Student: 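Dumping the structure here so I can ask a few things about it.
Note that this is a predicted model, so its numbers are computed, not measured. Per chain, numbering begins at 1; letters A, B, ... match sequence-line order.
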Number of protein chains: 2
Amino acid sequence: MTQKIDFLSKNQQIVLEIIEKAKEPLKAYSILFSVQKRGIKAPPQVYRALDRLIKLGKIHKIESKNAFVACKNDSCTISNATAFSICDSCEMVTEISNPKLSKYLANFQDETGMRYNKYNLEFFGLCKKCKK
Amino acid sequence: MTQKIDFLSKNQQIVLEIIEKAKEPLKAYSILFSVQKRGIKAPPQVYRALDRLIKLGKIHKIESKNAFVACKNDSCTISNATAFSICDSCEMVTEISNPKLSKYLANFQDETGMRYNKYNLEFFGLCKKCKK
DNA sequence: ATAAATTTGTTATATTATAACAATGCGTAA
DNA sequence: TTACGCATTGTTATAATATAACAAATTTAT
């Protein structure tokens with residue numbers, strides 16, 4: 001049988017904890033270094049945990065940064081519709097949860113008639129702090 | 001003086017040509033291999049050309065694939081608003097140019113009042129061919 | 001309990017990208 | 001013209017990101 005959908009292995013819990021504590025997106029190798037004391041020794045262990053956590057919607061990957069953030073939305077158990085706000089100056093990343101936006105994108109249909117089951121949107125600009 | 005904005009160096013022309021000819025997104029190292037006959041020998045030469053072409057809006061990077069596509073929109077000279085349609089099965093990528101979508105995203109404002117000068121959107125699904 | 005299947009650990013290596021510095025070209029002011 | 005400063009290009013080396021392949025351990029099905 002395949003792994004139960006709501007169960008996290010030890011490694012997955014450790015990795016998730018680190019990412020949830022972090023105030024900014026974490027890189028895979030920085031996660032690796034900070035969990036080496038806890039018994040995770042090699043990249044595949046981290047990447048497997050990351051893959052699984054992504055599938056569960058517990059974390060998201062910021063593609064433009066190759067970094068990972070915890071999903072702030074408690075009820076989010078799928079990872080098929082994500083939008084982020086990224087500051088070009090301080091690199092702050094926040095997840096955007098805007099029902100209008102989600103609805104607009106989920107229903108978007110292009111000229112070819114192709115329909116989508118997943119999207120990722122990354123906005124870049126200067127955050128309030130950095131604009132001052 | 002800084003490089004003229006509408007002038008492409010030899011390496012930039014070569015790299016652009018390869019990407020324009022390709023029917024699918026190209027990876028940096030696959031570009032490198034195919035241009036070695038033409039005198040480009042090392043990664044930094046390719047990456048510099050790619051960076052410049054991106055800034056000029058001649059090509060775009062598909063972040064989820066670390067691959068590069070030519071901009072189909074002739075008049076596109078900036079690279080600050082991109083949207084792509086990506087087939088999960090055949091990996092086909094096409095640029096979406098939908099004025100409504102662009103307008104919607106360009107004007108999007110989140111709760112924090114942060115304003116954006118750039119966005120990248122990637123849609124995933126099955127293309128017509130693969131859905132059959 | 002044992003075989004089959006899945007998950008986890010481990011080693012090695014592939015892939016993607018950039019730092020650092022040298023060589024070359026290019027504009028300009030003496 | 002030449003020599004100086006500055007930007008661009010070439011080159012070597014290496015950093016950063018990610019996965020293949022297989023072994024060991026654990027779980028599941030019978």
Side-chain angles (χ1 to χ4, degrees), chain A residues 1-19 22 24-56 58-69 79 91 93 120 122, chain B residues 1-19 22 24-56 58-69 79 91 93 120 122:
Chain A
M1 203 182 89
T2 135
Q3 193 177 17
K4 263 170 67 187
I5 198 139
D6 55 356
F7 175 80
L8 293 186
S9 76
K10 188 162 145 273
N11 289 354
Q12 289 155 15
Q13 287 173 46
I14 294 172
V15 169
L16 178 56
E17 204 179 291
I18 295 281
I19 296 176
E24 64 289 316
L26 296 183
K27 305 273 201 156
Y29 274 71
S30 106
I31 294 169
L32 176 58
F33 295 139
S34 49
V35 299
Q36 279 181 328
K37 293 170 193 167
R38 302 230 244 155
I40 296 179
K41 287 173 186 160
Q45 295 173 291
V46 171
Y47 281 102
R48 281 178 195 144
L50 291 172
D51 286 350
R52 178 111 192 108
L53 292 169
I54 287 171
K55 278 196 191 109
L56 294 175
K58 299 288 187 188
I59 64 170
H60 304 297
K61 180 173 186 180
I62 309 300
E63 293 287 357
S64 61
K65 295 191 170 302
N66 299 316
F68 304 85
V69 293
S79 44
E91 312 237 308
V93 171
N120 179 53
E122 299 183 3
Chain B
M1 203 182 89
T2 137
Q3 193 177 17
K4 263 169 67 186
I5 197 139
D6 54 358
F7 175 80
L8 294 185
S9 76
K10 188 162 145 271
N11 289 354
Q12 289 154 16
Q13 287 174 45
I14 293 172
V15 169
L16 178 57
E17 204 178 291
I18 296 281
I19 296 175
E24 64 290 315
L26 296 182
K27 305 273 202 157
Y29 274 73
S30 107
I31 294 169
L32 176 57
F33 295 138
S34 49
V35 299
Q36 278 180 329
K37 293 169 194 170
R38 302 231 243 155
I40 296 179
K41 288 174 184 159
Q45 295 173 291
V46 171
Y47 281 102
R48 281 178 195 143
L50 291 171
D51 286 350
R52 178 110 192 108
L53 292 168
I54 287 171
K55 279 197 191 108
L56 294 175
K58 299 287 187 188
I59 64 171
H60 303 298
K61 180 173 186 180
I62 309 300
E63 293 286 356
S64 61
K65 296 191 170 299
N66 299 316
F68 303 85
V69 293
S79 45
E91 312 237 308
V93 171
N120 178 54
E122 299 183 4

Student: Would you mind reading off the distance between B:Ile40 atom CD1 and D:dT12 atom C1', rounded to a whole angstrom?
Tutor: 17 Å
Student: Would you tell me if any nitrogen or oxygen in the side chain of A:Tyr47 comes within less than 4.0 Å of OP1 or OP2 on D:dT19?
Tutor: no
Student: Of the residues in residues 26-38 of chain A, which ones touch DNA chain C at a heavy-atom distance under 4.0 Å?
Tutor: none
Student: Ignoring the backbone of B:Pro43, work out which of D:dA18, C:dA17, D:dT11 is nearest its side chain.
Tutor: C:dA17
Student: Distance check needed: C:dT6 P versus A:Arg52 CZ, whole Å only.
Tutor: 14 Å
Student: Would you tabulate the pairs of protein nitrogen or oxygen atoms and nucleotide nitrogen or oxygen atoms of nucleotides 20-26 of chain C closer than 3.5 angstrom?
Tutor:
residue, atom, partner, partner atom, Å
C:dA20, N6, B:Arg48, NH2, 3.4

Student: Could you list the residues that satisfy side chain to side chain contact (heavy atoms under 4.5 Å, CB included) with A:Gln36, not counting sequence neighbours?
Tutor: A:Leu32, A:Phe33
Student: Roughly how many Å is it from CD in A:Gln12 to P in C:dG9, rounded to a whole number?
Tutor: 10 Å
Student: Grab the CG-P distance between B:Leu50 and C:dA17 for me, whole Å please.
Tutor: 9 Å
Student: Can you list everything that forms a side chain to side chain donor-acceptor pair (under 3.5 Å) with B:Ser30? Sequence neighbours excluded, please.
Tutor: none
Student: For residues 24-33 of chain A, which residue pairs qualify under salt bridge (Lys or Arg N to Asp or Glu O under 4.0 Å), counting only residues two or more places apart or in two chains?
Tutor: none
Student: Take the protein atom NZ of A:Lys41 and the nucleotide atom C1' of C:dA12, then report the distance between them rounded to whole Å.
Tutor: 17 Å
Student: Just jot down the side chain to side chain donor-acceptor pair (under 3.5 Å) partners of B:Glu63, sequence neighbours excluded, or say none.
Tutor: none
Student: Toward the 5' end of DNA chain C, which comes first, B:Asp51 or A:Asn11, by nearest nucleotide?
Tutor: A:Asn11
Student: Remember a base hit wins even if backbone is also touched, and classify B:Lys65 as base, sugar-phosphate or nothing at under 4.0 Å, heavy atoms.
Tutor: nothing
Student: Would you say B:Gln45 reaches D:dG10's phosphate, i.e. side-chain N/O to OP1/OP2 under 4.0 Å?
Tutor: yes
Student: Please list all pairs meeting salt bridge (Lys or Arg N to Asp or Glu O under 4.0 Å) that have one or both residues in residues 42-51 of chain A, counting only residues at least two apart or in different chains.
Tutor: none
Student: With A:Lys65, which residues qualify under side chain to side chain donor-acceptor pair (under 3.5 Å), at least two apart?
Tutor: A:Glu91
Student: Does B:Leu8 offer a backbone N or O that forms a donor-acceptor pair with the side chain of B:Gln13 under 3.5 Å?
Tutor: yes
Student: Grab the CD-C1' distance between A:Gln13 and C:dT7 for me, whole Å please.
Tutor: 15 Å
Student: So A:Lys10, base contact, sugar-phosphate only, or nothing? Heavy-atom distance under 4.0 Å.
Tutor: nothing
Student: Is any side-chain N or O of A:Ser9 closer than 4.0 Å to OP1 or OP2 of C:dT7?
Tutor: no
Student: Between B:Gln12 and B:Phe7, what is the shortest heavy-atom contact and its length?
Tutor: OE1-O, 3.9 Å
Student: Quick one: side chain to side chain donor-acceptor pair (under 3.5 Å) partners of A:Arg38, sequence neighbours excluded?
Tutor: A:Glu17
Student: Compare side-chain N and O positions of A:Asn66 against OP1 and OP2 of C:dA17 and report whether any pair is under 4.0 Å apart.
Tutor: no
